There are 2 protein chains.
Amino acid sequence: MARFRETVRTLLRERLLDAAFERVAEHGFDKLRMAHLAGDVGVSRQTLYSEFPSKEAVGEALFRRELERCLVGIQQGLDAHPGDLRAAVEAAVGFTLTLARRNPLIRAMLTSTGEGGLLPYLTTRSAAAFELATTALGTYVAETWPSIDPVARDLAVDTAVRLTASHVVQSAASPEESARRIADTTVRVALSTGAERLPAGTARP
Amino acid sequence: MARFRETVRTLLRERLLDAAFERVAEHGFDKLRMAHLAGDVGVSRQTLYSEFPSKEAVGEALFRRELERCLVGIQQGLDAHPGDLRAAVEAAVGFTLTLARRNPLIRAMLTSTGEGGLLPYLTTRSAAAFELATTALGTYVAETWPSIDPVARDLAVDTAVRLTASHVVQSAASPEESARRIADTTVRVALSTGAERLPAGTARP
DNA sequence: AAGTTGTGTCAATAGCACGGACAAGGCTGG
DNA sequence: CCAGCCTTGTCCGTGCTATTGACACAACTT
């Protein structure tokens, strides 16, 4: 019955996150003021607090929304190469690294120096991001490459996600080159049997 | 300060008009029920009455919104042919007649038989539509053809608008053919001096 | 040490949507 | 013809929610 009020709530949330995106992208998260954010949307500060219980919640929601948008591109990159693990991973990772380099929010997150920044969401508190990305890549691999050994598959997925995250926060080369290297590594891990002959002098438990 | 509530109000208005458009286009204006309209958007009937004081106001707003959309196309048709009066009028009139033939709202307005229909807005109560269309065409002609005699210009603009309205409610031929004829008539009126020699036997006051 | 700024919380007020009910008028079927 | 039903338009009481203004608290500045 009250369907309209629900859409208003989501609209308010979107507007708040839009305004937060603008301010954070320009001046960083620590320079963001709750009063300014509420004023941008044309709402009282308490209304903002009724939607987001704290400033930290704003940052978390902001990061989650951007992450979900990113995951859409990752999923598209995977789906564009069904059956070709290397190309799929390369496309998905390349998209992620390119987006991370261009997205002003992520740039602001990485360049923020202060204590109350958003950087933890990309590093120490990135469990949610890891989980989502790992699930997306894991289901893709499990569906299109069911023959791969599950142990190797999980290792490969985890490797791809963690390497990508590493390159997001500290890119060594171009996104394309990094994506190529990560895809190469992922394929190597995925196709390994765990029983290869090791070079002489290498111990294995 | 309260900018968000304002956008919510306009959003509600748009949603209501969207729902009204759907229902009117399908079943006609007289079959539209205020309770259904409110239910479609997910709002109480009283909220609907707070936005539109009467059902007639809904129909009026619905017609005005459609008219304004139509005027955008008319303006584009005029602007696409600067300096060529015949082509500009033909494009604008052709767009209008084609839109009127395809638009389900206008079709429903014309086919409604009942007393409480929307037809008056296209005929007896079409002062607003005439005014807007006349202004658009008038400013175009005045800007791009300043050399035309003002009397002939006003006559031509009025003729074009009224002929177009006539073809909207009672189309004789295809929109293209009608547009061509109306444009021809408009140009003849616009370029007339009011002092032509009349055929023998014709009286002039 | 005092002032400033910003976060988070609380209480009182005002506004708005809601549900329920009502009168008035028109339509329909018996 | 008339009784019932539907629909429009209006009113009022209620409840939810945003707003306003204030406050405590912490960190930083002067």
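Keep in mind that this is a model prediction, so the values were computed, not measured. Below, chains carry the letters A, B, ... as their sequence lines are ordered, and counting in each starts from 1.
Distances were taken from every side-chain heavy atom of S54(A) (C-beta onward) to each of dG8(C), dT7(C), dA18(D); the shortest belongs to dG8(C). Of the listed nucleotides (dG9(D), dT9(C), dA17(C)), dA17(C) has the atom at the smallest distance from the side chain of R5(A). Here the side chain of S50(B) is nearest to one of dA17(C), dC16(C), dT7(C), namely dA17(C).
Residues in residues 91-103 of chain A take part in no salt bridge (Lys or Arg N to Asp or Glu O under 4.0 Å) pair, two or more places apart or across chains.
Ion pair E66(B)/R69(B) flagged as a salt bridge, since at least one NZ, NE, NH1 or NH2 atom sits closer than 4.0 Å to an Asp/Glu carboxylate oxygen. Ion pair D184(B)/R180(B) not flagged as a salt bridge, since none of the NZ, NE, NH1 or NH2 atoms sits closer than 4.0 Å to an Asp/Glu carboxylate oxygen. Salt bridge annotation for D18(B)-R65(B): present, with a cationic side-chain nitrogen under 4.0 angstrom from a carboxylate oxygen.
For the pair R33(A) CZ and dG8(C) P, the computed distance is 11 Å after rounding to whole Å. Regarding Y49(A), its OH atom lies at a distance of 18 Å from the P atom of dA11(C), rounded to whole Å. Rounded to whole angstrom, the span from the NE2 atom of H27(B) across to the P atom of dT7(D) amounts to 14 Å. Between the C1' atom of dT10(D) and the CE atom of M34(B) lies a distance of 12 Å, rounded to the nearest Å. A straight line from CG of L11(A) to C1' of dA18(D) spans 15 Å, rounded to a whole angstrom. In this structure, H36(B) places its NE2 atom 11 Å from P of dC6(D), rounding to the nearest Å. Atom P of nucleotide dT17(D) and atom CZ of F4(B) are separated by 14 Å, given to the nearest angstrom. For F29(B) and dT7(D), the CZ to P distance is 15 Å, given to the nearest whole Å.
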| task | Could you go through the side-chain contact (heavy atoms from CB on, under 4.5 Å) check for L105(B) and F29(B) one step at a time? | result | CA-CA 9 Å; L105(B) 177 66; F29(B) 184 73; over 6 Å; no
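L32(B) comes within 4.0 angstrom of the backbone, heavy atoms only, and of no base. Across all strands shown, L48(B) has no heavy atoms under 4.0 Å from either base or sugar-phosphate atoms.
Atom CD of E131(B) sits in a sparse spot, with 12 or fewer heavy atoms from other residues, nucleotides or ligands closer than 6.0 Å.
Remark: the backbone N or O of H167(A) is not paired with any side-chain donor or acceptor of S171(A) at under 3.5 angstrom.
Look at T47(A) and you won't find any side-chain N or O under 4.0 angstrom from OP1 or OP2 of dA18(D).
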Contacts under 3.5 Å, N or O only, protein and nucleotides 20-28 of chain C:
{"unit_1": "dG20(C)", "atom_1": "O6", "unit_2": "Q46(B)", "atom_2": "NE2", "d": "3.1"}
{"unit_1": "dA21(C)", "atom_1": "N6", "unit_2": "R45(B)", "atom_2": "NH2", "d": "3.4"}

